[in-house]
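Single-structure report; data block below.
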Amino acid sequence: MKFSGTSKRWSAAALTLLLVLTVPAGIAAAGRAEAPDDSYRIAVFVPGVTAGSPIYEMLAEGARRAADEFDHARANIIEGGTNQGEWPGKIASIAAQGDHDLIVTSNPAMPEIVNEVSQRFPDQKFVFMDGYLEGNPSIYTLRYDQYQQAYLAGYFAGLVTSSTMEFAGEQLKIGLVAGQEYPDMNQSILPGYREGAQDAAPGTEVDFRVVGNWYDASRGKELAREIISGGADVLLPISGGANYGVLEAAIEGDAYVIWYDTSGYHEAPGTVIGSTAIMQDTATYETVKAAIEGSLPFGSADKAGLQEGMVTFITDDPLFEEHVPEDIRRALISRMEELAK
Ligand code: RBF
């Protein structure tokens with residue numbers, strides 16, 4: 001088609017108007033990202049809600065801290081919400097907008113969810129904490145040794161259930177309340193917890209229950225009550241915000257709780273008597289910092305545990321010393337030292 005000078009001008013104006021009015025925000029924004037700009041923008045996609053989930057609180061904190069160290073870096077925290085079916089679309093729209101140099105997220109399901117999105121946006125870089133995927137040149141992953149972490153919790157639970165501590169009952173029975181079932185839970189966390197308990201107190205049984213989401217505290221409480229009335233005396237909640245329901249049931253039912261991922265001693269002194277921890281804040285900080293500096297090995301997948309100082313059981317809290325008998329503390333510490341070798 002041939003345009004006269006006038007119609008050409010018109011068509012250019014009309015086209016601009018049409019673009020402004022009809023082109024999805026994503027495509028328009030992709031153009032913006034190509035403009036010269038030396039800033040480094042990070043989207044932290046929290047797959048769920050941050051509050052009540054220490055693993056996500058640490059993710060956001062670590063990424064923010066890394067961005068704060070560079071004048072040209074910014075971290076933007078975006079909550080994905082509790083509807084997991086919406087996560088791929090939400091991630092895809094962040095990638096489509098092209099506004100972020102890096103998308104950082106965390107949980108073992110995310111690499112698979114995002115791998116397909118990544119094929120559509122090959123220039124978009126991703127970091128997955130607490131996840132594993134090797135060989136995609138746009139993706140770096142770091143997972144924690146969840147077996148070790150759960151083993152430590154189980155070993156401690158075994159020592160307590162077989163002890164003469166005030167709330168330790170007759171049976172060798174402990175509980176685990178999970179938010180949902182997923183491969184890391186079924187293949188690493190539950191077996192680690194069970195095997196740790198077996199090593200400390202052979203014959204210990206694990207009552208395993210699933211909330212079905214990561215926020216329903218009243219369901220968490222209901223399940224914990226059932227576990228306690230079945231004879232368990234130590235509970236390990238790994239269920240995000242639902243952990244607080246488990247804690248309430250334990251306080252009311254005279255049972256003990258082990259906190260996971262971060263220190264929980266202050267949540268309920270005397271009820272929370274143990275805490276495992278992962279250094280997700282430090283790990284996220286270091287990973288994001290390396291990404292900003294351009295030294296992160298995208299395409300590779302790392303794993304970190306006790307030996308790397310990324311997984312531990314917190315034994316230096318005064319509340320741990322106050323509420324746990326010395327022989328149990330010593331037995332746990334010496335097992336942890338053996339595993340860290
Ligand atoms: N852990 C949480 O603490 N809060 C969550 O909202 C949460 N959501 C998850 C969603 C999916 C799909 C999966 C697979 C795991 C989730 N986790 C969550 C578990 C988390 O990744 C980790 O395994 C545990 O926090 C133990 O370290």
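Positions are given from 1, in the same order as the sequence printed here. Order of appearance sets the numbers: ligands from 1, and atoms from 1 within every ligand. Reckoned from all heavy atoms, side chains included, excluding hydrogens, waters and symmetry mates.
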N/O separation below 3.5 Å, Gln180 to ligand 1
no

Give the C-alpha distance, both sets of side-chain angles, the deciding distance and a yes or no for side chain to side chain donor-acceptor pair (under 3.5 Å) between Gln280 and Tyr56.
CA-CA 9 Å; Gln280 160 109 325; Tyr56 293 159; over 6 Å; no

Checking the N or O distance criterion of under 3.5 Å, is ligand 1 in contact with Trp87?
no

When you measure from the heavy atoms of Met185 to every atom of ligand 1, does any distance fall below 4.0 Å?
no

How about Phe167 and Tyr256: are their ring centroids closer than 6.0 Å?
yes

Contact check: Tyr260 vs ligand 1, nitrogen or oxygen atoms, below 3.5 angstrom:
no

Atoms in ligand 1 flagged as close to Gln146, the criterion being non-hydrogen separation under 4.0 Å
23 (O), 26 (C), 27 (O)

Would you call Asp184 a ligand 1 contact, heavy-atom distance under 4.0 Å?
no

With the threshold set at under 4.0 angstrom, would you say Tyr56 reaches ligand 1 through any of its heavy atoms?
yes

Using a strict 4.0 Å cut-off to heavy atoms of Asp130, name the atoms of ligand 1 that fall inside it.
20 (C), 21 (O), 22 (C), 23 (O)

Could you check if a side-chain atom of Arg74 sits within less than 4.5 angstrom of a side-chain atom of Ile42, using non-hydrogen atoms only?
no

Answer with yes or no whether Ser53 contacts ligand 1, where contact means a heavy atom under 4.0 Å from a ligand atom.
yes

Output yes when Arg209 and Asp207 qualify as a salt bridge under the 4.0 Å nitrogen-oxygen rule, no when they do not.
yes

Does Pro108 come within less than 4.0 angstrom of ligand 1, counting non-hydrogen atoms of the residue?
yes

How about Trp259 and Tyr244: are their ring centres within less than 6.0 Å of each other?
yes

Do any N/O atoms on Asn107 end up under 3.5 angstrom from N/O atoms on ligand 1?
no

For residues Tyr151 and Tyr193, establish whether the separation of their ring centroids is below 6.0 Å.
no

Test Glu222 against Arg219 for salt bridge (Lys or Arg N to Asp or Glu O under 4.0 Å), laying out the working first.
CA-CA 5 Å; Glu222 214 172 278; Arg219 182 75 186 133; 2.5 Å; yes

Short N-O contact, Glu116 and Arg120, less than 4.0 angstrom:
yes

Distance under 6.0 Å and angle within 45° of ring axis: Lys125 vs Phe298
yes

Are there more than 12 heavy atoms of other residues, nucleotides or ligands under 6.0 Å from atom CD of Glu170?
no

Ligand-side contact atoms (ligand 1) for residue partner Gln84, heavy atom cut-off under 4.0 Å
10 (C), 12 (C)

protein heavy-atom neighbour closest to atom 16 (C) of ligand 1 works out as Trp214 CZ2, 3.3 Å

Atom 23 (O) of ligand 1 has as its nearest protein heavy atom Tyr182 OH, 2.7 Å

of all protein heavy atoms, closest to atom 25 (O) of ligand 1 is Asp261 OD2, 2.8 Å

